[in-house]
Participant: 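Provided herewith is a single structure, encoded as structure tokens, for subsequent inquiry.
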Amino acid sequence: MSIQYEKLEKCYEYYRSLTDFVPRVGLILGSGLGGYAKNMKVELEIPYSDIPGFPVSTVQGHDGKFLLGYIGNVPAVAMKGRVHYYEGYDMKDVVLPTRLMKRMGIEVLFLTNAAGGINPKFHVGDFMMITDQISSFVPSPLIGENVSELGERFPDMTHIYDEELMRLIEETAREESISLQKGVYLQTTGPNFESPAEIRMYAVLGADAVGMSTSCEAIAARHAGVHVCGISCISNMASGLSDEELSHLDVQAVADKRSGEFERLVTKSIEKM
Ligand code: HPA
């Protein structure tokens, strides 16, 4: 057994010592969705700090715990707070929570985040359904010994974002009259925001939005056979695309302002899953 798998199993054993709940959908709550709990019938909360060996986020506004319960009738686990690569964790630890949710039983992973808009047709406050991703600027979470209990050495990444889940999200957005952009998400390491030259490069490469999370979690989930979907809240136009200087506070302020619609889009989509 690999060290990584042993660590995962320890976390899982702790989880099972608390509950026999089996979630079907995992939801990672990005900026703006910190108050998501009110949309769930929460049956159990597990602070990350209680789980042996679990990485604990150090970012302000990302206090960490699992929320277990129901979104509509769907058994779900939500992560209030995620760990980021820029905090200094190894990529394997950044995706440990994703793998733990797979061990809990999830079949679907719903990723959310705040991101900088690169596509000039986007506006601050838009939602972008992620259709594909570029993770070439961060290390793969699959580097190192393969956790063969989870997945194969060389997993295919042709369809990271699930066609059927995307159709569901689009349908939900239409029904709820929430306008929805679509595009490619590019993950950087952070924590610095990008330079304008970097953003011009990412635009040439085909990115529509940029952020500091998500792609690595999507890779770990696909490796383990979990179906993935994701939505970004465009909290700012990326560096050089507006006159504004970028700040974490502004990112959070926009994401918070859009939280009502974001919560509705996510909840109504998951209720159908
Ligand atoms: N760049 C990187 N990450 C981000 C941004 C951005 O402009 N906005 C929100 N997260």
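We count ligands from 1, going down the list as the structure has it; atoms in each ligand are counted the same way.
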Participant: Who's touching ligand 1 if we go heavy atoms under 4.0 Å?
Facilitator: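 Answer by chain and number: A114, A115, G116, F193, E194, V210, G211, M212, S235, N236, L246, V251.
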
Participant: Are the aromatic rings of Y15 and F66 close, with centres under 6.0 Å apart?
Facilitator: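 For Y15 and F66, the ring centres are not under 6.0 Å apart.
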
Participant: Taking only Lys NZ, Arg NE, NH1 and NH2, and the carboxylate oxygens of Asp or Glu, determine whether E263 and K38 approach each other closer than 4.0 Å.
Facilitator: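 Yes, this pair counts.
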
Participant: Please step through ring pair (Phe, Tyr, Trp, His ring centres under 6.0 Å) for the pair Y161 and Y185, ending with a clear verdict.
Facilitator: CA-CA 11 Å; Y161 294 88; Y185 178 92; 8.5 Å; no

Participant: Can you check side-chain hydrogen bond (donor to acceptor under 3.5 Å, both in side chains) on S259 and Y36, steps first, answer last?
Facilitator: CA-CA 9 Å; S259 63; Y36 188 78; over 6 Å; no

Participant: Using atom types as modelled and distance alone, determine if a side-chain donor or acceptor of Y70 lies under 3.5 Å from a backbone N or O of E43.
Facilitator: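 No, the answer is negative, given that no donor and acceptor are paired below the 3.5 Å cut-off.
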
Participant: Of the non-hydrogen atoms in V228 and A221, which two are nearest, and what is the gap between them?
Facilitator: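 What the structure gives for the nearest pair is CG2-CB, 3.6 Å.
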
